[in-house]
Each structure stands twice: as C-alpha cells, then as structure tokens.
Amino acid sequence: MPKPSAFASEFSSPHRSSSSALDSDAAEVLAKVFGYEAFRGDQQAIVQHVIQGGDALVLMPTGGGKSLCYQVPALVRPGTGIVVSPLIALMQDQVDALTELGVRAAFLNSTQDWQDTKDVEQAFVSGELDLLYVAPERLLTERCIQLLERGKIALFAIDEAHCVSQWGHDFRPEYLGLSMLHERWPEVPRIALTATATDVTRREIASRLSLDDARHFVASFDRPNIRYNIVEKQDVRKQLLQLLRQEHKGDAGIIYCLSRNKVEETAAFLCANGLEALPYHAGLGAQVRAQNQSRFLREDGIVMVATIAFGMGIDKPDVRFVAHIDMPKSLEGYYQETGRAGRDGLPATAWLAYGLQDVVQQRRMIDESAGDEAFRRRLGAQLDAMLAMCEAIACRRQRLLQYFGQRIEPCGNCDNCLQPPEAWDGTVAAQKMLSAIYRLMKERGQRYGAGHLIDILRGKSTPRVLENEHHTLTVFGVGLDLTDQAWRSVLRQLLAHGLLVVDQEGYGTLALTDESRAVLKGERTLLLRREAERTARAASPKPKSSLPDLPSGAQRIFEALRQWRSEIARSHGVPAYVIFNDATLREIALKRPDSLEDLAHINGVGVRKLESYGASILTCIADFAER
C-alpha cells in the first residue's frame, strides 16, 4: 500500500473539529491535493455540508466535478471514505488517478487474489486509507460489513445513485440493499451522486436509500460545450463515416448501438475503412471487454462501438464525440450517454441518427415488455419525450433541459439553433395518410406497414399494390406532392404526436388512435418539421468551448506536452489523463510558466504532481523555447 502522504494525516486528524477549521482544511485539500484554487458551483456548499456530518443528494452533470464532492470531505474527516461504485472494471483507473495525487486509495473487488484483498483489508483497519472503493454486491456481504465495523469510516459515497431507481434507465437491483448503511452506521454521513435524474427519479433515490432528510443539491444540467445534432437516418454507416472523417478525425469517441450484432458489424465496418474501432457488449467475454475498455481509456483516438452496457463511470475527459445510430429509449439515457463527451470542457459532439424504423421498433419493444400496464405507460412516456426531442423545431438544449425541470434561452450550439428547420402546415398530408390507413382498416379490415402505405399514396403500381387491388382506393396517388423520404418523416411525426400506433402483434403495421379523429375531421391543425437544406459545414458547426483557442506557438507547446504526457503515462501504466488532462496542459502552454512557483498556480497541478513532474514540465517548455 502507498505510504501516507505529507498532507493526508494532517487533514484527517480528529482534533480539527470547528466549522471554520474544517472549511479551511477543505480549501487547502482542494489546492494542495487537486491543484484547484477555488470550488465550482455548488461544490463548496456540498463539501461543507458533508464535512459537518450532513447527508446529501447531489445531481450534477458529468464533468461537473461530482467526485470532489466526496473526495475532499473524505480527506478532511477522520477515517476512510467508502465509495460505492457499480463497475469494478473502472476501479483500478480511479485508484490510479488518486494515487498520482498522493491520496491513499484502494479497492476491493473480485479481480483481486486473497493476498491483495488481505492487504487492503489490513490497511483499512489500520487507518492507512483515505478512500476505499467497493462494488455494491461486495459491500452487502457479511464479510465486508464486519470489516467496515472494525475500521473508522469518514463517509459513504454512493456513486451513480440513479441505479437504485426501478423506473430508471440503468437499474441495478443490488443498489436497493444500500439503505442498510443508515441503519448500521447512523452517525456516518452519506452522499448519493448522479449525473441525471428527473424529479420523480430524485424522489425515488431519496426514498430507497433512506435519504429522506438529506439536503438536495441540484446543479444546472447544461453542458454548453456539447453540440447536439440529430439527423434523419438514411445510409447510417455512410453518415457516421462522414462525421468521423470530416469532424472527428483521430478523436476518441463512443458509438452506441441497440443490438450486439450491430455493434460488431459497425466496428468491423469502421476498421475496414481505416479507423481504430473496438466492440463492447455483454455478449463478449469478460477478458475481451476488459482489454477493449483498457485500450479505449489508455490509448488516444480509439473509437468504442458499444451497447449501453458500456460507459457508466467512464472518466476519460477527452471523448470528443458520442454518436447514437439507434434512437435511445429515454431522454435520461440519452443525456447520461451523451454526457460522456467533453468532460474536459473542450468542444464535443452529441450526434444521433434516427428514422421511422427506430420509432416502430421502440414501440414494439414497449408493447412486448414483460411489465404491467403502468410500467408500459411509463416506458411510453419516456419514449414520447425522446421523440419530442428528435422532432423538435426549436432549440434542442431547451427541450432536453426542460425534461429535467430547467429552463434556458436558446443555446446557439445545436443544429436547430444554427440551421433552423422549417415548420410547415402538415394537416392535409396527415389527413391523406390517416385516410389511407382508415380506408384499409374500415373497408377491407387490413393493416400495412409504412412502405406499402407510402406506395399507395405515391401511386406506385407495385405487385403488392396490384395484387390487393389497392390501386382502386380513392387515396391511390394523392400523395405525389411529397417524396418517399418526406412521407417517412410525416409518418414518424404522426407516431411522435400520438396520432398513430404500432400494432401489438409484432408485424410493424400501423393503426389510428383516438386522437386521429380530430385531424381527419379538420378540427386540429398539425405543424410538422421539414429539414432545411444544410451544407456539410452548416450541419456540423464547430461546437462552443469553455476554453480559449490557443495561439499557434502555444499550440505547438501543447502538442509537445501531450507527447511528454504519453511517455510518462506509458511508463506508469496508466491512462494519459491520469497524469494531466488536456485542459491543464492547455493552460500550461498558454501561460508558459518558467518556475515551480508559477506552475503551482495552474489548475490541476497539486503538490504531489508538482513534486513529481514540475521540473520535467519546465524543461519541456524551455527546450521548446530554444528551438
């Protein structure tokens, strides 16, 4: 185990008890350990509250600094902070990052042999750890509970707390047992953290974790550096390849697919086109998943193609894009997944391609789900919100944040703001489509899918149309004013507006709803979205960054520092961002410190990293200046 750092025992000493002393300690830990001169947003209030023994429920966006909210109190309060983390595959990297800072951190999980486990347990009992990461299923074992009772606990941090929500997008049954923490250790403060939760989910988290009296801290969910771009799915592989080649060449990113087969096919397609892409899904062997995840975290420019089994807890800050080639099931899932891009505050892209078949497939999955009617209604409401986001005419970010109860002005950094789509009166077009479906059902007792309905409206004498004598219908050929693609957009939006439903027999045919009558009778006007003609550049504008562009000279220093960082990371066997993230290197390149004292004022350069790397960084800068 690592030796206690120079600051660890000082800040963890039990005699520091007054409120002002603890607050002072928190600021000192932030500066000396983590290298930051000030807290951001609600961090200070959260840290003070937990240090003083209060329970907290924290909702903060990915990249907003949630980890500091429990790491700082764990270093200030006497004892060891116990962190409940759902993914054992990521614990090693989290511990490596803390060890680089001089923090005494360790984990307990199934990857360790008995000797490693024994060493960690002894270190905890002896008070030699500042933070101990434990998976929830391990924490709930009698052996682990008995172990914790033998040591001094500073706090419990429950990360990814939305996993406790049975209505949520990433439910983990073992999280339900964590309410026992309050029963066993009523005097130990608990802090539950998540990057996404609606008001309903937040109340469920508080209830299931017995955090009824906890103080709630809800930060803004806005991630202004992420550009949201949603496109109509056509040739999705070609669209994806264009995005990666034109906008994100050489960048690290994540591509989400709905099925395992599509994951493997997409990864193979990208590799065949010269990109470094890896697959990740639950059907792969544990060793393959671990290897692929390790490469993604530790190497530059890797593209991970995955199901939603991948991503929770990913701390990699330089993910430049997250792409969905299938429509997510909910806005909560979409927000959580896209939030893995741009954690460093630099420009990032959230790109989604979806089409009519996505809507049909999601509706069918809901109808076929094993839950009761209330469960299916909840899934349907989540899908409706996701559809509304996809078909929005106004600002995407406004629609997304409104779902989480927050309101903002138009962002100017989504496709709708940058290249507004046209809204058109689609009432007549809707009436044509609804009439076609009505006549087939009423007159012939028949139901058909999207393609056949469009053929009828477009007056196509296909073998199927002729065989069924659908060319004799009064609606045959009334839709020549719209293209096939435009009719698919109309159908998609009718489903989004609840004017059509997908059959429950699994055939993908379409039927009217009670709401269809008002449109058919002309009692309701329907505004639909029409995509504007967009140039490749206009459709993919450079997203906003919270950091300034670097001058050419600083850019060259930045690249030299990145090369230096890669060599250090390889020698330490850790991801490059564990040494320093890009934001810190950019600030160093911009300010060009020429002394250790100046370097100490750079965000992200704490005492341990200054001691370990300060002289090497200054040499790197000086060598560049001499060229």
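Only this structure's heavy atoms are used, side chains among them; waters, hydrogens and symmetry mates stay out.
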May I ask you to check whether Phe310 and Phe296 place their ring centres under 6.0 Å from each other?
yes
Smallest separation among heavy atoms of [X] and [Y], with atom names:
| X | Y | value |
| --- | --- | --- |
| Ala341 | Thr349 | CB-O, 4.3 Å |
| Gly426 | Leu528 | CA-CD1, 3.8 Å |
| Gly479 | Trp487 | O-NE1, 2.9 Å |
| Gly498 | Thr513 | O-OG1, 2.8 Å |
| Arg202 | Asp199 | NH2-OD1, 2.8 Å |
| Tyr228 | Arg397 | CE1-NH1, 3.2 Å |

Please say whether more than 12 non-hydrogen atoms of neighbouring residues, nucleotides or ligands are located less than 6.0 Å from CG in Asp514.
no
May I ask you to test the [X]-[Y] pair for a side-chain heavy-atom distance under 4.5 Å?
| X | Y | result |
| --- | --- | --- |
| Leu453 | Leu440 | yes |
| Ser220 | Gln406 | yes |
| Arg227 | Asp415 | no |

Scan side-chain atoms only and decide if His162 and Thr194 contain a donor-acceptor pair under the 3.5 Å cut-off.
yes
Is it true that Arg439 and Thr474 share a donor-acceptor pair across their side chains at a distance under 3.5 Å?
yes
Please verify the inter-ring angle class for His248 with Phe321; under 30° counts as parallel, over 60° as perpendicular, anything in between as tilted.
tilted
Do any pairs count as a salt bridge (Lys or Arg N to Asp or Glu O under 4.0 Å) and have a residue in residues 273-291, sequence neighbours left out, and if so which ones?
Glu276-Arg295
Do Arg320 and Asp318 meet the salt-bridge criterion of a basic N to acidic O distance under 4.0 Å?
no
Going by side chain to side chain donor-acceptor pair (under 3.5 Å), Tyr354 matches just one of Arg492, Glu232, His324, Lys233. Which one?
Arg492
Name of the residue among Arg363, Lys329, Arg377 meeting salt bridge (Lys or Arg N to Asp or Glu O under 4.0 Å) with Asp384:
Arg363
